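Below is one structure, written out as structure tokens; comments come after it.
Chain letters run A, B, ... following the sequence lines, proteins first and then strands; every chain starts at 1. No experiment lies behind these values; they were computed from the predicted model shown.
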Protein chains: 2
Amino acid sequence: MNKKSVSRLSHYRKVLLRLNELGFDRIFSDTLGEEAGVTAAQVRKDFSIFGISGNKRGGYIIADLIARLDDILKKRTVTRVIIVGAGNLGKALMHYPGFRRDSIEISAVFDIDPTKISRKADVPVLPLEEVGEFIAAHGIDIAIIAVPDVAAQRVFDILQRAGIRGILNFTTMTFKDNEDVVVNNVYLQFELENLIYFTAEKPA
Amino acid sequence: MNKKSVSRLSHYRKVLLRLNELGFDRIFSDTLGEEAGVTAAQVRKDFSIFGISGNKRGGYIIADLIARLDDILKKRTVTRVIIVGAGNLGKALMHYPGFRRDSIEISAVFDIDPTKISRKADVPVLPLEEVGEFIAAHGIDIAIIAVPDVAAQRVFDILQRAGIRGILNFTTMTFKDNEDVVVNNVYLQFELENLIYFTAEKPA
DNA sequence: TAGATTGTTAATCGATTAACAATC
DNA sequence: TAGATTGTTAATCGATTAACAATC
């Protein structure tokens, strides 16, 4: 229902995996909230939205909760994702350990620079021209855009035409909202500028 | 006043720099909103919060707007930032072109792995033990945490003790809110999981 | 002047939190 | 049973949008 509550489910899941590893079996909404940085009411509300229930008085069974969240967040099957842009950021994301561990696989990276192509690598780096073909052949739904701003719109158009349904955008460009494509933006630079603003001492 | 509106100011600024480059001098709230992906009312409201005014009927003069935003966002002086964690992500952020271009300088990167240290590099990679000393010597206020989750709390404690005032956190750990430290979280994995959720076809 | 756009106030919308009845 | 915690509804809070008077 709510975009933010889905991301919080991811966060709860991460906390629960850690607690599970530490040998805990049960948890209460207030403990889970504390670990995830939200209120107990928020936790229960989020669970209620997705029909997740616990035991009055007994809290939640961690293993059951993880199983339920795995279903909701599609963790039972591997989701294949591609990256466009084999620069520093694209390459870092290619090997991001948090993805593989949680059923997200980077299937390939695409770039226009011929010197960056390496078809035989663990995660292949392929020419951008092949992206449509690859998407169709591998049934890819989600792409990460990690190219310079100037190339963003062109890449977006290509991906959209290729039938991509979701995009994680690391550029500062905005794309016209489209029925068929969901775009989540990660504005790294703006996050840092935000921090600069809020940590600057206010002039007296 | 509002956290999100500060980030939108960054976004407006980015759009304006681009339009300025293209030779435009004036802009209206609806055009700027469209470029930044928000409504015209949002643009005017944000400007109103920060006391930015334009001309009834004549819109805004782009150069003036950029100057005003540069002041608010502290773009007149270079802000020095450090990164903790010289893994793939830390190294990618070290060379992120968007930072330098907008008066953000990565002064140094810190890591516990001795094989990663390189004191003579363009951006030096130093042992984590030296971080407190470095922060004090260079008057650093802001740090980026790009370490594995297990190390996050320890790094946070060290940074807090060293007097850091703002943290951009790339781990999935949450830190207890503190009067003295502002924390912005970038949950890369959760953003992707969010996309997976919203692009998955709903079961019939 | 007529027309268009800002700046701000009021209305709406949505998300978070508080509160408490249900119940284990 | 008494006590504690869930699940949900209602209250609150905050942010976005609509509307329109001011004015260039």
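Of the candidate nucleotides D:dT17, C:dA15, D:dA10, C:dA15 has the atom nearest to the side chain of A:Asn2. Of all nucleotides listed (D:dT6, D:dA22, C:dT8), D:dA22 comes nearest to the side chain of B:Lys56. Of the candidate nucleotides D:dT6, C:dT16, C:dT5, D:dT6 has the atom lying nearest to any side-chain atom of A:Arg44. Residue B:Phe28 has its side chain nearest to C:dT6 when only C:dT17, C:dT6, D:dT17 are considered. Closest to the side chain of B:Thr39, from the set D:dT17, C:dT8, D:dC24, is D:dT17.
Ring geometry, B:Phe134 versus B:His138: the interplanar angle falls under 30°, so the pair is classed parallel (tilted spans 30 to 60°). Taking the six-membered ring where tryptophan is involved, the planes of B:Phe50 and A:Tyr197 are perpendicular, since the angle between them exceeds 60° and thus also 30°.
Close to C:dT6, at under 4.0 Å from its OP1 or OP2, lies no side-chain N or O of B:Asn55. For the pair A:Ser48 and D:dG7, the criterion of a side-chain N or O lying under 4.0 Å from OP1 or OP2 is not met. B:Tyr60 has no side-chain polar atom (N or O) that falls below the 4.0 Å cut-off from OP1 or OP2 of D:dC24. Considering only side-chain N and O atoms, B:Arg8 lies under 4.0 angstrom from the phosphate OP1 or OP2 of D:dT16.
The partner of C:dC24 is D:dG3, by the rule that a Watson-Crick or G-U pair needs both atom distances under 3.5 Å. A 3.5 Å limit on both hydrogen-bonding distances identifies C:dT16 as the Watson-Crick or G-U partner of D:dA11.
The CZ atom of B:Arg57 sits 7 Å away from the P atom of C:dA4 (whole-angstrom rounding). Taking atom CG on B:Asp30 and atom P on D:dT16, their separation rounds to 19 Å, with Å as the unit. Put simply, NZ on A:Lys45 is 16 Å from P on C:dA19, counting in whole angstrom units. Between the P atom of C:dT9 and the CZ atom of B:Phe47 lies a distance of 18 Å, rounded to the nearest Å.
A:Lys4 comes within 4.0 angstrom of the backbone, heavy atoms only, and of no base.
The 12-atom threshold is exceeded at CD of B:Glu191, counting heavy atoms of other residues, nucleotides or ligands nearer than 6.0 Å.
The line from CD1 of B:Ile72 to CZ of B:Phe47 is 8.5 Å long, rounded to the nearest 0.5 Å.
Comment: B:Asp141 does not engage B:Arg80 in a salt bridge, judged by the lack of any side-chain N to carboxylate O separation of less than 4.0 angstrom.
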